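These notes are about the structure you will find just below.
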Amino acid sequence: MIRAIVLAATTVLLSACATSHMLVGQPRPPIDVAQVRVYHAPPPGGFEQIAVIETASGPVTYGEQNKLNAVLNNLRKEAAKLGANGVLLQGTADGYGGTSVGVGTGVGRYGGHSYSSGGIGVSISPRTKHATGIAIHVPNPPPPRPAPAPRP
């Protein structure tokens with residue numbers, strides 16, 4: 001019984017952060033994730049579209065920056081599997097979730113005795129972040145921008 005519950009919970013958690021793609025071009029041999037760049041605008045010099053990728057942050061990812069980092073990393077990983085050296089970010093959105101509190105009461109009578117009970121249930125479910133991007137191959141990617149220097 002416990003094994004079935006653990007299996008069901010694992011399935012739900014894994015499906016909640018699933019990443020999928022739809023091919024729109026020709027995939028290439030897989031590459032290292034470190035070679036995949038995220039573009040917020042089309043890169044200069046053109047590119048070849050490989051796939052449309054959709055993903056979501058995990059069900060227990062807290063903090064907006066952590067959620068954004070999670071979806072961008074998921075996009076990069078899926079693009080690397082398809083041999084794309086870039087992801088053209090199409091957009092992000094917040095999913096459903098949140099916190100709810102439920103209160104219940106009950107009253108009963110059995111064998112001349114009265115019984116009453118009450119309960120409180122709390123559900124804490126952070127909202128997931130969703131993202132869509134296009135896996136692309138850029139023939140001559142522009143050099144990466146240097147990181148800004150720390151301010152004294």
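As the structure is a computational prediction, the values presented were derived from the model and not from experiment.
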Smallest separation among heavy atoms of A135 and I53, with atom names:
CB-CD1, 3.7 Å
Mind checking the OG1-CD spacing from T132 to E54? Nearest 0.5 Å is all I need.
4.5 Å
If I take atom CD from residue Q26 and atom CG from residue L82, how far apart are they, to the nearest 0.5 angstrom?
11.0 Å
Okay, side chain of K67, backbone of R127: is any donor-acceptor separation there less than 3.5 Å?
yes
What closest approach, in Å, do D94 and E64 show between heavy atoms, and which atom pair accounts for it?
OD1-OE1, 4.0 Å
What pairs of donor and acceptor atoms, side-chain ones from residues 30-49 against any protein atom, are under 3.5 angstrom apart with sequence neighbours left out?
| residue | atom | partner | partner atom | Å |
| --- | --- | --- | --- | --- |
| R37 | NH1 | P142 | O | 2.2 |
| E48 | OE1 | R28 | NH2 | 2.8 |

Look up atom NZ in K81 and atom OG1 in T19, then write down how far apart they are to the nearest 0.5 Å.
7.0 Å
Rounded distance [0.5 Å steps], CD in E78 versus CD1 in I50
11.5 Å
I'd like to know if V87 and V138 are part of one continuous hydrophobic network [Ile/Leu/Val/Met/Phe/Trp/Tyr, side-chain heavy atoms within less than 4.5 Å].
no
Just so I know, are the side chains of L72 and L89 near enough to count as touching, which here means a heavy-atom distance under 4.5 Å?
yes
Rounded to the nearest 0.5 Å, what separates atom CG in N140 from atom CG in N85?
10.0 Å
Whether N74 side chain and S57 backbone form a donor-acceptor pair below 3.5 Å
no
